[in-house]
Participant: 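Before I ask anything, let me first share the structure, which is written out below as structure tokens.
Throughout, a chain's letter reflects where its sequence line sits, starting with A, and its residues are numbered from 1.
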2 protein chains.
Amino acid sequence: MALAHAIMTALIEDDLSGYELARDFETSLGFFWQASHQQIYQELRKLAERGWLNKREVNQRGKPNKIVYGLTQPGREALARWVYSSTRSRPAKDELLVKLYNLDADNAAHIAGEVTARREEMMRRLYLYEKIRRRHYGSPQTLPTRRKGVYLALVAGIRQGEQFLAWCDEALELLGSIDA
Amino acid sequence: MALAHAIMTALIEDDLSGYELARDFETSLGFFWQASHQQIYQELRKLAERGWLNKREVNQRGKPNKIVYGLTQPGREALARWVYSSTRSRPAKDELLVKLYNLDADNAAHIAGEVTARREEMMRRLYLYEKIRRRHYGSPQTLPTRRKGVYLALVAGIRQGEQFLAWCDEALELLGSIDA
DNA sequence: GCTTGCTATGCAAATGATTGCATATTATCG
DNA sequence: CGATAATATGCAATCATTTGCATAGCAAGC
């Protein structure tokens, strides 16, 4: 039930609608836990039924109405308990690495192309991360406690991304040396 | 259908039984694509029905008989085609990073404990990786093409692991500075 | 007025993955 | 002989996730 807790985590400081949550899950928290809007809407309904979230409809001008969800006290308590539960880490499943096991002279160029594409995607992501870090997490020591945690997650993403770029370069070099 | 292709990939050089595959998936290829034995047995049956794998029962001494699967020619062709298909990267879902968003003075010690546990787990994994690298991938330039790909996947695992260790240290330092 | 695009929510079906069983063979140790 | 552990395969139920579709409000531009 980790998606439920990821959603509740996203609602710690702000009440959000399903649409807004889905957008946030494309950045920010979504870097560590991705979910589609279908999943999110469904989970929101379940969480509201369980009493962990409350919902209210908000009329908007120039846009369709939205349903905004917020953490209830039982929700906050459940979330706090969850932090102490045992974590199972679901490691990344990466088709690209599996494809590398199938490397041969024919497909080397194609695989190099995929590595290049992933490298560029990661560059864009890192750019975003760095922007957030500079803007909000300049001096981590002085942050309030919870923000220190968010900072650490962000740093994990940045470090991982930088490492990935370096790996891409190494991979492209070796792949480039394969005769077609 | 990536599990299917991961399994076929594992069968490129050797014919294996479901049990052996499940064991290999705990190391090696399994670092980039995990699967339980239930999933593997089911997928093997489907792949055999589709004609991408053949199966034969092997009598053993001192052990129960096993069913060994091997790639058929159509299977090899399907696998080769798959390499050219578009890759969707399913990024890691990490509960620990979500938990960090919930950091407070009360749970900081618990979270630090989880980081420490993960650090030790990664140390063990890296030890394994390095052993494999030293034994089989000492001079990557001279490897046959396919092994170069496997080497790159291994290096990705090693680099990622080393980065994770560094992050754990940074995290533990910051977490340690939080007053309970 | 029509199309396009963003905002906003949702259902239904299929696939993928986990969890909890169930069973059987053989070796080893006490 | 009985217990334990490793080998070996599988079913059934549930949960998680993806895919494809459906609908609708409102704005902006043509």
Participant: I want to confirm an ordering. Mapping G18(B) and P64(A) to their closest nucleotides on DNA chain D, which one lands closer to the 5' end?
Facilitator: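 The residue mapped nearer the 5' terminus is G18(B).
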Participant: Just list the side-chain donor-acceptor pairs under 3.5 Å for residues 170-180 of chain A, sequence neighbours left out, or say none.
Facilitator:
from, atom 1, to, atom 2, distance (Å)
E170(A), OE1, R159(B), NH2, 2.6
E170(A), OE2, R159(B), NH2, 3.4
S177(A), OG, L174(A), O, 2.7

Participant: For DNA chain C, note the earliest and the latest nucleotide, 5' to 3', having some atom under 4.0 Å of a heavy atom belonging to chain A.
Facilitator: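 Footprint of chain A along DNA chain C, 5' to 3': dT7(C) to dT19(C).
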Participant: Once side-chain hydrogen bond (donor to acceptor under 3.5 Å, both in side chains) is applied, do any residues pair with H136(B), and if so which ones, sequence neighbours excluded?
Facilitator: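 Per chain and number, H136(B) pairs via side-chain hydrogen bond (donor to acceptor under 3.5 Å, both in side chains) with no residue.
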Participant: I want to check something: taking the side chain as every heavy atom from C-beta on, are L16(A) and V68(A) in contact at a cut-off of under 4.5 Å?
Facilitator: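 A side-chain contact is absent here, since even the closest heavy-atom pair is not under 4.5 Å.
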Participant: Write down the distance between CD (Q34(A)) and P (dT19(D)), rounded to a whole number of angstrom.
Facilitator: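 Computing the Q34(A):CD to dT19(D):P distance gives 12 Å.
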Participant: Report the distance from atom CZ of R61(B) to atom C1' of dA6(D), rounded to the nearest whole Å.
Facilitator: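 Rounding to the nearest Å, CZ of R61(B) and C1' of dA6(D) are 18 Å apart.
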Participant: Could you state the CD1-C1' distance from I67(A) to dA24(D), rounded to the nearest angstrom?
Facilitator: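 Interatomic distance, CD1 of I67(A) to C1' of dA24(D): 13 Å.
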Participant: Any non-hydrogen side-chain atom of F32(A) less than 4.5 Å from a side-chain atom of L96(B)?
Facilitator: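 No. Closest side-chain heavy atoms not under 4.5 Å.
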Participant: Checking N107(B) side chain against D104(B) main chain: does a donor-acceptor pair fall under 3.5 Å?
Facilitator: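 It does hold such a pair.
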Participant: If you compare every side-chain N and O of S36(A) against the phosphate oxygens of dT19(D) (OP1, OP2), does one of them come in below 4.0 Å?
Facilitator: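 False: S36(A) side-chain N/O out of range (4.0 Å or more) of dT19(D) OP1/OP2.
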Participant: Over 60° means perpendicular and under 30° means parallel, so tell me whether H5(B) and W82(B) are parallel, tilted or perpendicular.
Facilitator: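 The rings of H5(B) and W82(B) lie parallel, inter-plane angle below 30°.
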Participant: Output the residues of residues 37-49 of chain B in contact with DNA chain C, where contact means a heavy atom of the residue under 4.0 Å from an atom of the strand; sort by number or write none.
Facilitator: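 Listed by number, they are Q38(B), Q39(B).
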Participant: Rounded to the Å, how far apart are Y19(A) OH and dA24(D) C1'?
Facilitator: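 For the pair Y19(A) OH and dA24(D) C1', the rounded distance is 13 Å.
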Participant: Please report the distance, rounded to the nearest Å, between CG in L3(A) and C1' in dT17(D).
Facilitator: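 About 10 Å, once rounded to whole Å.
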Participant: Please list all pairs meeting salt bridge (Lys or Arg N to Asp or Glu O under 4.0 Å) that have one or both residues in residues 28-47 of chain A, counting only residues at least two apart or in different chains.
Facilitator: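 For residues 28-47 of chain A, and leaving out neighbouring residues, the salt bridge (Lys or Arg N to Asp or Glu O under 4.0 Å) pairs sorted by first residue read R45(A)-E49(A).
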Participant: List the residues meeting salt bridge (Lys or Arg N to Asp or Glu O under 4.0 Å) with D24(A), not counting sequence neighbours, and say none if there are none.
Facilitator: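 Result, salt bridge (Lys or Arg N to Asp or Glu O under 4.0 Å) vs D24(A): none returned.
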Participant: Whole angstrom is fine here: how far is it from NZ in K55(B) over to P in dA8(D)?
Facilitator: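 Checked: the NZ to P distance equals 16 Å.
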Participant: Please tell me if the side chains of D106(B) and V83(A) come closer than 4.5 Å, counting only heavy atoms from C-beta onward.
Facilitator: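 A side-chain contact under 4.5 Å is absent here.
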Participant: Could you tell me how far apart R23(B) (CZ) and dT9(D) (C1') are, to the nearest whole angstrom?
Facilitator: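 Nearest whole value for this atom pair: 15 Å.
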Participant: E20(B) has an atom CD; how far is it from atom C1' of dA6(D), in whole Å?
Facilitator: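 Computing the E20(B):CD to dA6(D):C1' distance gives 14 Å.
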